[in-house]
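This report concerns only the one structure given below.
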Amino acid sequence: MKNCSTLNTFKKQTAILMFVGNEEVRNNIIALCRKNNYYPVIATDPEQLIKKIRGKGSAIVFVDHEVVNNYGARIYSRINVACPGCDVLLLCDQAHRDLIKEAMELSVYACILAPFEDWEVLTMIRNILAKKKPRGLKKSYKDQPS
């Protein structure tokens with residue numbers, strides 16, 4: 001049970017933000033997150049997003065192709081400058097697959113293609129949280145039994 005409480009602590013420390021232009025997609029991802037005890041914060045424009053992530057040690061930021069089309073790929077670098085510990089997840093439909101290559105070149109953690117399956121979204125969140133979890137101290141060779 002101790003690992004569970006550690007993970008819960010990390011869910012609170014690692015903010016989840018939604019900067020998703022498509023209202024239906026945004027609402028579905030938020031509902032999925034809440035159902036799984038993750039509580040995302042919504043940002044409605046780049047300035048609000050940057051303000052919410054600035055100074056955070058880590059965050060998961062969902063963006064979609066509508067946001068990238070409206071604000072340009074520069075949004076990724078703005079996120080990374082404001083929060084170097086942020087991991088960006090791009091939600092993309094088939095019609096906008098051309099955005100994926102550029103996103104990956106600009107350090108986006110992952111892209112999820114529509115239809116956005118619950119297991120895919122949750123796996124991405126869990127993988128990022130697991131990556132951010134502090135590792136226990138490794139035993140040195142001196143601590144090993146002879």
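Note that the numbering runs from 1 along the sequence shown for the chain.
- Put simply, the residue from Ile29, Leu32, Thr123 that forms a side chain to side chain contact (heavy atoms under 4.5 Å, CB included) with Asp118 is Leu32.
- Annotation: the span from Glu120 atom CD to Cys111 atom SG amounts to 11.5 Å, rounded to 0.5 Å.
- Asp45 places a side-chain N or O within 3.5 Å of a backbone atom of Glu47 that can act as its donor or acceptor partner.
- There is no side-chain donor-acceptor pair under 3.5 Å between Tyr71 and Asn69.
- Annotation for Pro40 and Met18: closest pair CB-CG, 3.9 Å, computed over non-hydrogen atoms.
- Look at Arg26 and Asp64 and you find no salt bridge, because none of the NZ, NE, NH1 or NH2 atoms lies under 4.0 Å from a carboxylate O.
- Nearest heavy-atom pair, Phe19 versus Thr44, reported as atom, atom and distance to 0.1 Å: CE1-C, 3.7 Å.
- A pairwise comparison of heavy atoms in Tyr76 and Ala103 identifies OH-CB, 3.5 Å as the closest pair.
- Side-chain contact between Ile128 and Tyr109: present, with at least one pair of heavy atoms (C-beta onward) separated by less than 4.5 Å.
- Using modelled atom types, one side-chain atom of Asp93 and one backbone atom of His96 make a donor-acceptor pair closer than 3.5 Å.
- Under the 4.5 Å side-chain heavy-atom criterion for Ile, Leu, Val, Met, Phe, Trp and Tyr, Ile42 and Ile125 are members of the same hydrophobic cluster.
- Across Val108 and Leu90, no two heavy atoms sit closer than the pair CG1-N, 4.1 Å.
- Nearest heavy atoms, Arg78 versus Ile50: O-CD1, 3.5 Å.
- The two residues His65 and Cys92 make their nearest non-hydrogen contact at CD2-CA, 4.1 Å.
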